[in-house]
Amino acid sequence: MEITLTPEQEARLIEMAAIEGKTPSEFVANSLFDISYAADYDDERFRETIRQRVAEADAGVFIGEDEMDARVQRMLQR
């Protein structure tokens, strides 16, 4: 599948993907996948994903403070 983006959209996509440590294609695919889960909140797979994320948080699996600070700074600069 192909989509057409404006140069500005493409630049933004590349930036967002880099922030997440993904290629633009991976970022788009993951984003669409996440949207489909969120749109169908009754879906068992969505609920399982939430359970997994809660378990990760309970286990202390988070991004580091430096990475969080960097993300916040990038958001504030926009």
Side-chain angles (χ1 to χ4, degrees):
M1 174 183 284
E2 292 184 29
I3 60 169
T4 303
L5 302 174
T6 66
E8 294 81 13
Q9 290 170 324
E10 184 175 358
R12 180 74 175 118
L13 172 60
I14 291 168
E15 177 186 359
M16 292 168 30
I19 290 169
E20 295 298 319
K22 299 181 184 321
T23 67
S25 292
E26 290 170 330
F27 184 82
V28 169
N30 288 340
S31 297
L32 292 173
F33 185 69
D34 290 345
I35 290 169
S36 69
Y37 271 119
D40 190 8
Y41 62 88
D42 284 331
D43 189 272
E44 178 57 32
R45 291 175 293 177
F46 175 71
R47 286 180 276 168
E48 180 57 29
T49 299
I50 297 301
R51 284 191 286 273
Q52 289 172 355
R53 299 303 183 258
V54 169
E56 289 172 3
D58 288 345
V61 178
F62 298 99
I63 64 171
E65 184 176 351
D66 291 341
E67 175 60 24
M68 188 65 217
D69 289 345
R71 289 183 186 190
V72 169
Q73 286 303 314
R74 285 190 294 267
M75 289 181 348
L76 293 175
Q77 290 174 352
R78 294 185 189 133

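Quick caveat, the model's predicted, so the values are computed rather than measured.
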Side chains of residues 10-23: which donor-acceptor pairs under 3.5 Å do they make with residues two or more places apart or in other chains?
| unit_1 | atom_1 | unit_2 | atom_2 | d |
| --- | --- | --- | --- | --- |
| Glu15 | OE2 | Arg78 | NH2 | 3.2 |
| Thr23 | OG1 | Glu26 | N | 3.0 |
| Thr23 | OG1 | Glu26 | OE1 | 3.4 |

Item to complete: State whether Arg71 and Glu65 are salt-bridged, where the test is any N-O pair (Lys NZ or Arg NE/NH1/NH2 against Asp/Glu carboxylate O) under 4.0 Å.
Response: no
| field | Arg74 backbone acceptor or donor facing Gln77 side chain under 3.5 Å | value | no
